[in-house]
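Everything below concerns the one structure shown next.
Letters go in sequence order (proteins before strands), and every chain restarts at 1.
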Amino acid sequence: MESKNFFNDVYDVVRQIPVGRVTSYGTIARFLGSALSARMVGWAMNACHGMPDVPAHRVVNRNGVLSGKHFFGSPTAMQELLEKEGVTVKNDNIVDFKNVFWDPATALL
DNA sequence: TAGTTGACTCTAG
DNA sequence: GCTAGAGCCAACT
């Protein structure tokens, strides 16, 4: 299980997402150098179930939609978490997504 | 071993 | 403006 280099990178980026901010799979994928590997970010999130330090709820698709909300055990768990952190979610969509959007390339660089 | 799937994104029609 | 198809990589069956 030491072959999670790509996953580890994803976790590292997601872990650095500040509270009240969200990012997208493609953004992380591109930041890692694989813009077309956005799916892999999703897979990384799928494996992040054993990583309580990885706020997967702060990672959404490029539309700001909670695509993976269903994978949190409850279809509203992701929304509840985001709203609890100050992110307004409406109908599985992040309100002012552009305002709460967090770009690793801008924050880390 | 090989085939299919998947929490995405982009380009083309 | 919306719908459809293609692409990437790893895990699961």
Tabulate protein N/O versus nucleotide N/O from nucleotides 10-13 of chain B, keeping only pairs under 3.5 Å, one per line.
none

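Among residue pairs with one or both ends in residues 49-82 of chain A, none qualify as ring pair (Phe, Tyr, Trp, His ring centres under 6.0 Å); sequence neighbours excluded.
Taking atom CG of residue A:Asn8 and atom C1' of nucleotide C:dC9, one finds them 17 Å apart after rounding to whole Å. One interatomic measurement links the two molecules: NZ of A:Lys69 to P of B:dG6, which rounds to 17 Å at whole-angstrom precision. The nearest whole Å value for the distance from the CG atom in A:Asn93 to the C1' atom in B:dA7 is 15 Å. The nearest whole Å value for the distance from the CD1 atom in A:Ile28 to the C1' atom in C:dC8 is 16 Å. B:dG6 atom P lies 12 Å from atom NE2 of A:His70, rounded to whole Å. The distance from atom CE of A:Met40 to atom C1' of B:dA7 is 11 Å, rounded to the nearest whole Å. If you take CG of A:Leu82 and P of B:dA7, they are 18 Å apart, rounded to a whole angstrom. One interatomic measurement links the two molecules: CG of A:Asn63 to P of C:dG1, which rounds to 14 Å at whole-angstrom precision.
Here the nucleotide nearest the side chain of A:Met45, chosen from B:dA7, B:dC8, C:dA10, is B:dA7. Here the side chain of A:Phe72 is nearest to one of B:dT9, B:dG6, B:dA7, namely B:dA7. Of the candidates B:dG6, B:dC8, B:dT9, B:dT9 carries the atom nearest the A:Ser24 side chain, counting heavy atoms from C-beta on. Distance from the side chain of A:Arg39 is smallest for B:dC8 among the nucleotides B:dA7, B:dC8, C:dA10.
At least one side-chain heavy atom of A:Asp92 sits less than 4.5 Å from a side-chain heavy atom of A:Gln79.
Residue A:His49 is in base contact, counting any heavy-atom pair closer than 4.0 Å across all strands shown. Within 4.0 Å (heavy atoms only), A:Ala44 reaches no atom of the nucleic acid at all. Within the nucleic acid shown, A:Asn61 comes within 4.0 Å of sugar-phosphate atoms alone, with no base atom in reach, counting heavy atoms only.
Surrounding CZ of A:Arg58 are more than 12 heavy atoms belonging to other residues, nucleotides or ligands, all under 6.0 Å away.
In this structure a side-chain-to-backbone donor-acceptor pair under 3.5 Å is missing from A:Ser67 to A:Val60. Listed for the A:Tyr11 side chain is a donor-acceptor partner under 3.5 Å among the backbone atoms of A:Ala44. Side-chain N or O atoms of A:Asn61 include one that pairs as donor or acceptor with a backbone N or O of A:Asn63 at under 3.5 Å.
For the side-chain contact (heavy atoms from CB on, under 4.5 Å) criterion with A:Pro55, the lone passing option out of A:Leu81, A:Val14, A:Val22 is A:Val14.
OP1 and OP2 of C:dG7 both lie 4.0 Å or more from every side-chain N or O belonging to A:Ser37.
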